[in-house]
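First up is the structure itself, then whatever we jot down about it.
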Amino acid sequence: MIGFGYGAGVTDTYSDHQNHKQYIDLETFPAFLLLVAMSPTKLEADDNLALPAGAIKNVPPTYIDPISNAQTFSGLEILEGSFPIIDLEALHSPRRSDIIGQLGHACQHYGFFLVKNHGIQETMINDIIGTTREFFHLPDEEKMKSFTPDPSSGIRHDTAFQDKTNNVFVSRESLKFPIHPLEDYVNLWPSNPASFRKIAAEYFTGTKEAEIALMEAIFESLGMERDSIDKTLSKHGQYVSLNYYPRCVKSELGGTCGLRPHTDPSIITMLLLDDVPGLEVLQNDEWMAIKTFPNTLVVQVGDLLQALSNCRYKSLLHRVIVNPEKERLSIATNCHPSNDTSVGPPKELIDKDSNPAIYKNFTYKEFFSAMWQEVRANDSRLDSFKINSTS
Ligand SMILES: O=C(O)CCC(=O)C(=O)O
Ligand SMILES: [Fe+2]
């Protein structure tokens with residue numbers, strides 16, 4: 001596990017001088033905890049891409065102006081000439097097919113979009129941000145109660161870490177857990193802050209409904225038939241990452257980032273961001289900063305939608321930069337099929353001559369274990385499932 005890439009050479013401590021905080025020295029860290037400290041980096045899609053050339057070098061990086069050469073689509077609102085925002089209010093109205101067209105267009109040409117009128121109440125959004133902030137402000141000993149040596153644990157708390165091999169400090173701290181069915185998992189969630197479980201249960205029930213509605217509509221935009229849609233969604237799961245990025249100054253390493261460039265191991269990911277910028281998405285080979293708007297969520301195409309759509313919709317490469325002045329929070333809800341669901345494009349999407357299948361069918365379990373294999377920089381973890389893989 002440790003040989004995966006980010007374990008080797010990780011040695012020094014890093015001080016965040018503004019927060020007077022010491023990060024773990026992985027060389028002197030107890031071996032069993034080291035295993036856990038490194039396994040999330042491996043398990044998680046986030047970190048198994050090496051930094052591409054020209055990636056984040058300094059803090060703070062320049063705030064990149066949104067690109068303005070995005071394509072337009074009738075009825076689709078393009079914010080500041082740069083990225084799509086979709087109003088979901090009409091999703092269950094006679095205008096459904098317009099909205100489906102907009103979703104399909106955004107998935108195909110951007111790999112992400114913002115949604116408003118998603119059905120998640122503003123109070124739930126404020127409450128989940130508030131309780132998440134309270135959790136991350138707790139003393140380390142309290143948070144470390146979720147730091148377990150069992151990688152298959154129902155909850156994991158990951159700290160920031162240094163990767164000396166790739167010369168980068170990754171500042172994110174996160175708490176990760178599956179969320180559905182709630183009754184199986186809720187007792188594993190933090191009981192401090194006291195309101196955490198109640199607030200999280202409400203928010204994630206809301207995101208589940210919104211994500212199912214979105215996935216159904218996105219599958220319809222691909223021309224999938226009802227039984228293919230039902231089969232794919234019947235036993236789907238959701239996995240949450242509560243992300244905390246402390247105020248962060250430049251580390252002694254060459255690079256400092258919140259989160260390295262990665263795609264998500266999901267069908268779609270729904271992201272709730274606070275008002276501090278940091279998320280950047282790759283569009284036409286340029287990093288573009290995402291602006292946040294109240295009560296608006298970001299939806300990203302994940303690897304599994306890339307496979308399901310036979311590459312019509314590509315998973316979105318994104319990263320997080322750090323901020324020396326303000327801490328930042330985000331809440332990512334990844335939707336994925338159940339472990340034994342076969343993932344692959346439905347027959348109606350494939351034509352052996354004009355649109356042959358690109359990937360073999362695979363189960364989510366197989367996909368997840370492939371994430372443990374070392375991948376070359378810029379490779380997609382889907383590559384090992386390609387039908388005509390040259391490697
Ligand atoms: O913090 C963000 O804006 C993005 C988080 C993210 O990409 C993830 O959790 O996979
Ligand atoms: Fe992500």
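All figures in this text were calculated on a predicted structure; none of them were measured in a lab. One-based numbering, in listed order, for ligands and for the atoms of each.
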Under 4.0 Å to a heavy atom of Arg328 - the qualifying atoms of ligand 1, by number | 1 (O), 2 (C), 3 (O)
Non-hydrogen atom of His262 closer than 4.0 Å to ligand 1 = yes
Between OD1 of Asp264 and NE2 of His318, what angle is found at the Fe ion (ligand 2), rounded to 10 degrees?
-> 90°
At a 4.0 Å threshold, what atoms of ligand 1 neighbour a non-hydrogen atom of Tyr245?
-> 1 (O), 2 (C), 4 (C), 5 (C)
Distance-only side-chain donor-acceptor flag, Asn243 / Ser330, under 3.5 Å = yes
Sidechain-backbone polar pair: Asp163 side chain, Thr165 backbone, donor-acceptor under 3.5 Å | yes
Passing option when Asp158 is tested against Lys176, Lys143, Arg172 for salt bridge (charged side-chain N to carboxylate O under 4.0 Å, His left out) = Lys176
Which pairs, with at least one residue in residues 217-231 and sequence neighbours excluded, count as a side chain to side chain donor-acceptor pair (under 3.5 Å)?
-> Arg96-Glu220, Glu216-Arg226, Ser221-Tyr313, Arg226-Asp230, Ser228-Glu348
Subset of ligand 1 atoms that lie under 4.0 Å from at least one heavy atom of Leu273 = 3 (O)
What atoms of ligand 1 come within less than 4.0 Å of a heavy atom belonging to Val320?
-> 1 (O), 2 (C), 3 (O), 4 (C)
Report, in ascending order of atom number, the atoms of ligand 1 lying under 4.0 Å from any heavy atom of Asp264.
-> 10 (O)
Short list, please: which atoms of ligand 1 are under 4.0 Å from a heavy atom of His318?
-> 7 (O)
Please tell me if the side chains of Phe177 and Tyr239 come closer than 4.5 Å, counting only heavy atoms from C-beta onward.
-> no
Mark up the atoms of ligand 1 that fall under 4.0 Å of a heavy atom belonging to Leu259, in ascending order.
-> 5 (C), 6 (C), 7 (O), 8 (C)
Can you tell me which residue pairs pass the side chain to side chain donor-acceptor pair (under 3.5 Å) test with a partner in residues 177-190, sequence neighbours excluded?
-> His180-Gln238
Answer yes or no: is there a donor N or O on one side and an acceptor on the other, between the side chain of His262 and the main chain of Arg260, under 3.5 Å?
-> yes
Per-atom contacts of ligand 1 with Arg172, taking only distances under 4.0 Å to non-hydrogen atoms | 9 (O)
